[in-house]
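Remarks on the structure that follows.
We name chains A, B, ... by the order of the sequence lines, and we start the count at 1 in each one. Heavy-atom basis, side chains included; hydrogens, waters and symmetry copies ignored.
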Amino acid sequence: MSIDISERPDGMAAPAHPEDPYLVVESLTVKFPTHDGLVQAVTDLSYTVDRGKTLGIVGESGSGKSVSSMAVLGLHDPKHTRLSGSIRVDGAEVIGASEDRMRKIRGNSVAMIFQDALTALHPFYTIGDQISEGYRIHHRVSKAEAKKRAVEMLDRVGIPQAGRRIDDYPHQFSGGMRQRAMIAMALVNDPQLLIADEPTTALDVTVQAQILDLLQDLQREFNSAVIIITHDLGVVAELADTTMVMYGGRAVEYGATREILTHPEMPYSWGLLGSVPDVTGDADARLIPIPGNPPSLLNPPTGCAFHPRCPHVDKVPGDLCRTTLPDLVPGDRGENHLKRCHLANPGEIYAEEVLPEIAPDLIDPTTGELIPELATVDPDEV
Amino acid sequence: MSIVTNSGIERAPEDSGASVGNDTLLEVRDLKKYFPVKSGGVIRRTVAHVQAVDGVSFTLGKGKSLGLVGESGCGKTTTGRLITRLYDPTSGEINFEGHDIGPLTRRQMMPIRSEIQMIFQDPYSSLNPRHTVGTIVGTPLRVHNMVPEKKTLARVQELLEVVGLNPEHYNRYPSEFSGGQRQRIGIARALALQPKLLVADEPVSALDVSIQAQVVNLLRDVQDEFGIAFLFIAHDLAIVRHFCPEVAVMYLGKIVEIGDRETIYEHPHHPYTQALLSAAPDVKQAAIGGRRERIRLEGDVPSPINPPSGCRFRTRCWMAQEICAKQEPPLLQIGKTHKVACHFAGEMHEAPQRPVTTGLLGVDDQGNPSNGTPVAEIHDQPGYADTWFDLKTQSVTSST
């Protein structure tokens with residue numbers, strides 16, 4: 001089967017500058033007025049995603065990671081949402097765009113894979129109907145052609161006997177197959193930007209590996225930009241080129257994945273790394289959880305949103321953490337690594353206090369230094 | 001090969017009896033649970049069985065923990081529910097402190113229920129939203145008459161403190177708590193009766209990453225403090241490795257590999273275990289960059305209504321040969337504390353070319369009966385024997 005990217009029957013203009021980032025989000029703020037007050041779901045969020053690259057967004061539930069990417073698709077009800085900032089998809093502004101225009105983008109140049117495939121698929125329609133619906137909306141084709149395309153897509157995502165399974169209903173598919181069907185649905189129009197919201201969270205590890213491999217293969221094939229939203233640092237480590245850590249609706253650390261995961265400079269990122277046991281390393285080591293609970297977005301803490309849970313607050317002179325919100329600025333490690341933290345010497349604290357606790361096997365026992373091949377990052381590759 | 005047939009594999013009764021020593025709390029022997037599948041219509045005949053758990057054996061020592069890992073549908077939750085007797089076993093023995101609790105009636109189970117407690121997966125649906133925390137944690141105390149009515153509240157508050165909740169919050173409702181706090185309430189309820197065995201069914205998988213670590217640490221503290229044995233059921237290999245010194249890997253209702261933590265994670269011999277381990281994403285990968293080589297398993301777990309013949313993993317196994325479809329591999333002890341069920345058991349890239357089990361099963365390399373005398377029956381016994389089948393020398397060895 002051949003899928004030609006240049007052939008776009010919907011007549012969408014070809015990108016003016018192919019080397020520009022495909023998606024640019026600038027100071028995005030999303031607020032939801034509720035009976036209890038204003039929920040500040042996302043505050044002042046900026047990021048870019050290039051074609052053929054993957055951005056990983058990590059954070060706990062309620063950190064704003066899903067809300068921000070749903071805004072890209074214009075999925076928030078304008079009556080109950082206050083949006084500000086700018087989201088440009090291929091140079092075109094999305095915020096404030098008319099519903100007609102959004103409909104041309106949605107599922108066509110930008111598509112989304114939702115977390116729970118069982119609830120995201122309609123139980124009354126066959127898988128084939130659901131996949132071909134999106135294709136027929138954006139292409140002038142007959143039902144038969146759309147169905148052919150749906151079979152092709154199901155086959156592409158690795159569902160055996162796609163021609164026969166096309167008339168099945170979602171409940172006849174297993175969890176992994178449903179997730180594949182969702183991916184087929186998202187990819188049916190060859191989107192330039194794919195947002196995957198926790199695409200593997202409900203799946204078993206072997207199926208998760210299959211889905212991640214599939215996403216990566218498809219990305220290589222179509223050179224799409226991908227945003228992968230997850231709470232699993234392992235998934236980010238293996239898939240994402242750049243990583244953004246979110247906390248309390250804000251980006252708290254942003255940079256190249258390798259850089260963020262090997263030299264994190266923000267105590268929340270340290271906490272995340274310390275909370276996950278890994279399949280190698282010392283089994284008897286105690287996990288270092290982040291104390292406390294995620295903040296309420298109705299009433300976010302003053303200053304740095306992480307300060308009530310941060311074990312390093314007293315290392316910052318004065319009451320800075322409690323009173324002043326730190327900016328997202330480059331730290332000691334250069335322009336490619338942004339962090340939102342007041343700590344003056346995060347590199348030292350991480351190497352001396354945090355790393356020996358969370359990953360003692362990365363420290364050379366004789367010298368007390370980081371084991372070079374695991375710790376150093378080649379600047380050319382960042 | 002004759003040495004094999006004479007000793008070791010078929011263990012003498014007193015040998016297996018010895019494993020039920022004073023240190024053993026729970027011994028599960030050939031446990032099976034088949035759920036009937038009914039036909040439609042007025043006469044709902046049983047047309048098939050879901051073989052959810054099919055011959056599982058293991059032992060669990062006092063104050064120890066055993067991890068059960070596997071994908072959804074492999075029978076790990078059913079095993080946990082059989083041990084807590086939320087389900088009645090189809091056959092097999094569940095020896096708790098030396099007594100088989102499998103056939104006990106509801107009334108007879110009553111005193112034992114306080115000894116075996118369970119922590120459930122979903123903290124949102126396992127707590128009654130209309131009951132206060134005090135009622136939820138206090139109910140087991142009242143049902144089992146653990147403390148006088150007047151002292152119930154004091155005990156509830158004590159328990160809440162143990163699990164790290166504010167004791168003043170006993171009259172709040174579950175909806176007022178976050179996911180991690182609710183799971184703590186579930187743990188307090190399970191601890192109320194001072195059980196000897198806790199079956200924790202995916203206790204942290206519904207929680208956020210940063211909260212997971214808090215709950216895992218709490219469970220560890222509880223185990224150290226009260227000496228409770230844990231059957232820890234989870235699909236997250238890293239969490240299980242962190243919590244359990246002994247790990248059993250299940251696939252389609254059977255244990256395919258069981259052993260101590262180091263062996264299972266460092267030297268897995270079953271292809272399924274190897275696939276599971278290679279599939280788990282690893283944070284440290286970021287330092288090396290990109291994705292590492294992994295074993296790609298094709299397809300999904302087959303239906304337990306009609307499992308594949310022979311080895312149940314063969315439909316997804318990259319090493320499967322003719323013998324795998326014909327003969328079911330026995331769960332063979334190949335190390336001091338290591339059992340594996342595979343005809344081609346071996347470490348990654350070092351799997352043997354010829355099946356290792358032919359001599360034991362009395363078959364040739366294709367799985368057809370041969371002239372060799374088969375061992376009468378290779379029944380999987382709970383626990384570990386003092387002698388085992390060494391893969392390198394193809395003979396029975398012992399630790400001495």
Proximal component of [X], with respect to chain B [non-hydrogen, under 4.5 Å]:
{"X": "A:Gln210", "result": "side chain"}
{"X": "A:Pro160", "result": "neither"}
{"X": "A:Ile260", "result": "neither"}

B:Glu71 and A:Thr206 side chains, donor-acceptor separation under 3.5 Å: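 The answer is yes; a qualifying pair exists.
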Pairs satisfying salt bridge (charged side-chain N to carboxylate O under 4.0 Å, His left out), at least one member in residues 248-257 of chain B, at least two apart: B:Asp54-B:Lys254, B:Lys254-B:Glu328
Steps toward salt bridge (charged side-chain N to carboxylate O under 4.0 Å, His left out) verdict (A:Lys65, A:Glu198): CA-CA 10 Å; A:Lys65 50 195 198 312; A:Glu198 307 255 9; 3.7 Å; yes
Residues forming a side-chain contact (heavy atoms from CB on, under 4.5 Å) with B:Asp224, sequence neighbours excluded: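 For B:Asp224, no residue satisfies side-chain contact (heavy atoms from CB on, under 4.5 Å) once neighbours in sequence are set aside.
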Top contributor to chain B contacts, counting heavy-atom pairs under 4.5 Å, from A:Gly274, A:Gly292, A:Gly62: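 Option with the greatest count: A:Gly292.
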For chain B, the option from A:Ser174, A:Pro294, A:Gly158, A:Ser61 that forms the most heavy-atom pairs under 4.5 Å: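 Answer, by heavy-atom pair count under 4.5 Å with chain B: A:Ser61.
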Pi-cation contact, A:Phe173 with A:Arg178 (under 6.0 Å, within 45°):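 Relative to the ring axis of A:Phe173, which defines the angle, A:Arg178 lies outside at least one limit.
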Engaged part of B:Val209 at the chain A interface, taking heavy atoms whose separation is under 4.5 Å: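 Looking at B:Val209, backbone and side chain both touch chain A.
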